[in-house]
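A short worksheet on the structure shown next.
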Amino acid sequence: MGTVVLSPLARSFDGALLAVGARADEAGRAAAFADLARRYCESGRYYHTFRHVGETLTALQVLVAADRAWDQPTGRAGALSAVAGGRLAIFFHDAVYDTCAGDNEARSGELAVATLTELGCPRSVIRDVDRLVRATGTHVSAEPDEAMINDADLRVLARPAPAYDVYVRRVRREYGWASPEQWVAGRAAVLRALLDCRVYATPWAFHHWEPAARANLRRELADLRRVR
């Protein structure tokens, strides 16, 4: 048999599983990734796709590189395992996505628990991944690793204005069922909540991304007010 060539995301997922000590064989790990791929390709997704997963993984890399503390408390092996757990959380954080529901992150966390249990991951890793996935529901960070994941998830808010506008249009398509009035009211509430506190919890992201994010959020909110 020839060597199976994995996509970059498949390699990242598989590598994270191996780094945290998953006991499942290659076929089991591949099946878990295939299920995630199917979910992120569901009809009606325009922003919350595997592209978002890839961009969030890249943002996490940047944040980890900027925070040397990840390498200090438990040594190199512990740091690698913690980062791998964060990568797994990113893969699962939008696995369940229904714009009409309010419990997507809880259900995504439940999926992560079931999948990682079946793959033979350590219980401590499973608990951490579940916690990190659920933290993306509010983007309120109680722990440093939650701050890392939340900031990586919100990286798009600090993109240059044209890229930010593409993101907004894609999210609007995901809420295609909402009337213009419903969209404006709901989106404005989200923007005001983000602007009422600091967007990014980690020091590096706050320093480097916060100004651009706040400018984008204010500009979009002003545009929504004009629509009204």
Side-chain angles (χ1 to χ4, degrees), residues 6-17 19-20 32-33 35-42 45-67 70 79-97 99 104-109 111-112 115-116 125 128-141 143-160 163-171 173-174 190 194 198-206 208-210 212-213 216-217:
L6 299 178
S7 70
L9 282 180
R11 288 199 304 272
S12 179
F13 182 72
D14 199 57
L17 288 174
V20 301
F33 179 81
D35 179 65
L36 284 174
R38 176 187 61 79
R39 292 172 181 275
Y40 280 99
C41 290
E42 289 170 338
R45 289 181 184 245
Y46 300 98
Y47 173 71
H48 292 89
T49 64
F50 252 168
R51 176 174 180 167
H52 169 56
V53 170
E55 291 174 344
T56 306
L57 289 169
T58 299
L60 179 64
Q61 273 187 307
V62 171
L63 294 174
V64 169
D67 187 353
W70 276 64
L80 288 174
S81 180
V83 173
R87 282 160 52 199
L88 290 174
I90 288 171
F91 272 103
F92 281 100
H93 83 288
D94 284 324
V96 177
Y97 186 70
T99 56
N104 288 323
E105 289 77 15
R107 290 163 62 197
S108 294
L111 175 68
T115 302
L116 297 178
V125 170
D128 282 342
V129 171
D130 182 31
R131 173 176 55 82
L132 292 171
V133 169
R134 291 172 184 268
T136 64
T138 60
H139 291 114
V140 174
S141 305
E143 300 291 342
D145 55 352
E146 293 173 10
M148 286 275 191
I149 301 304
N150 282 329
D151 283 6
D153 189 28
L154 296 178
R155 169 68 179 98
V156 68
L157 302 183
R159 294 288 187 191
Y164 178 89
D165 292 343
V166 170
Y167 143 73
V168 174
R169 288 196 295 270
R170 287 174 175 166
V171 173
R173 290 185 71 188
E174 292 180 338
V190 169
L194 287 166
R198 57 186 284 173
V199 177
Y200 298 108
T202 61
W204 191 93
F206 180 73
H208 292 276
W209 296 345
E210 187 85 10
N216 280 327
L217 294 169

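Evaluation of the ring pair (Phe, Tyr, Trp, His ring centres under 6.0 Å) rule for H139 yields no partner, not counting sequence neighbours. In terms of the side chain to side chain donor-acceptor pair (under 3.5 Å) criterion, residue partners of T99 (sequence neighbours excluded) are, by chain and number, W177. Legend: residues meeting salt bridge (charged side-chain N to carboxylate O under 4.0 Å, His left out) with R107, ordered by chain and number and at least two apart, are D103.
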Using the side-chain contact (heavy atoms from CB on, under 4.5 Å) rule, take T202 and D67 through it: C-alpha gap first, then chi angles, then the decisive distance, then the call.
CA-CA 9 Å; T202 61; D67 187 353; 5.9 Å; no
Could you walk me through whether F33 and L17 pass the side-chain contact (heavy atoms from CB on, under 4.5 Å) test, one step at a time?
CA-CA 10 Å; F33 179 81; L17 288 174; over 6 Å; no
Assess the residue pair V129 and V133 against the criterion (side-chain contact (heavy atoms from CB on, under 4.5 Å)); give the C-alpha distance rounded to whole Å, side-chain angles, the decisive distance to 0.1 Å, and a yes or no.
CA-CA 6 Å; V129 171; V133 169; 4.2 Å; yes
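In terms of modelled atom types and a separation under 3.5 Å, the side chain of D151 and the main chain of A201 share a donor-acceptor contact. Not a single donor-acceptor pair under 3.5 Å links the side chain of S12 to the backbone N or O of P8. A side-chain donor-acceptor contact under 3.5 Å links Y200 to the backbone of L154. Proximity of a side-chain donor or acceptor of D145 to a complementary backbone N or O of G86 within less than 3.5 Å is not detected. Judged purely by atom type and a 3.5 angstrom limit, T49 has no side-chain atom pairing as donor or acceptor with the backbone of R45. Y40 places a side-chain N or O within 3.5 Å of a backbone atom of F91 that can act as its donor or acceptor partner.
Annotation for A19 and A84: closest pair CB-CB, 3.6 Å, computed over non-hydrogen atoms. Across all non-hydrogen atoms, the minimal contact from F92 to L116 is CE1-CD2, 4.0 Å. Residue A32 comes nearest to T115 through the heavy atom pair CB-CG2, 3.9 Å, listed as atom of the first residue, atom of the second, then distance. Summarising the geometry of S108 relative to V96, their closest heavy-atom pair is OG-N, 3.0 Å, with the distance given to 0.1 Å. Shown here for L217 and V199, the closest heavy-atom pair between the two residues is CD1-CG2, 3.9 Å. N216 and R159 get closest at one heavy-atom pair: ND2-O, 2.8 Å.
Going from atom CG of L157 over to atom CG of L194 covers 6.0 Å, rounded to the nearest 0.5 Å. Between the OH atom in Y47 and the CZ atom in R169 there is a gap of 14.0 Å [rounded to 0.5 Å]. R87 CZ to Q61 CD: the interatomic distance, rounded to the nearest 0.5 Å, is 8.0 Å.
At a threshold of 4.0 Å, the pair D130-R134 counts as salt-bridged, since one of the basic side-chain nitrogens sits closer than that to a carboxylate oxygen. Using a cutoff of 4.0 Å between basic side-chain nitrogens and carboxylate oxygens, D14 and R11 are not scored as salt-bridged. Ionic pairing of R198 and E210 is not present here: no N-O contact between side-chain nitrogen and carboxylate oxygen is shorter than 4.0 angstrom. One finds a salt bridge joining R51 and E55 here, because a Lys/Arg side-chain nitrogen approaches an Asp/Glu carboxylate oxygen to under 4.0 Å.
Here the side chains of H93 and D153 are in contact, with some heavy-atom distance below 4.5 Å. Residues R155 and T56 form no side-chain contact, since every pair of their non-hydrogen atoms from C-beta on lies 4.5 Å or further apart. V53 places none of its side-chain heavy atoms less than 4.5 Å from the side chain of D94. You'll find the side chain of L9 reaches within 4.5 Å of the side chain of L57, heavy atoms only.
By the 30° and 60° cut-offs, the orientation of the rings of W204 relative to W209 is perpendicular.
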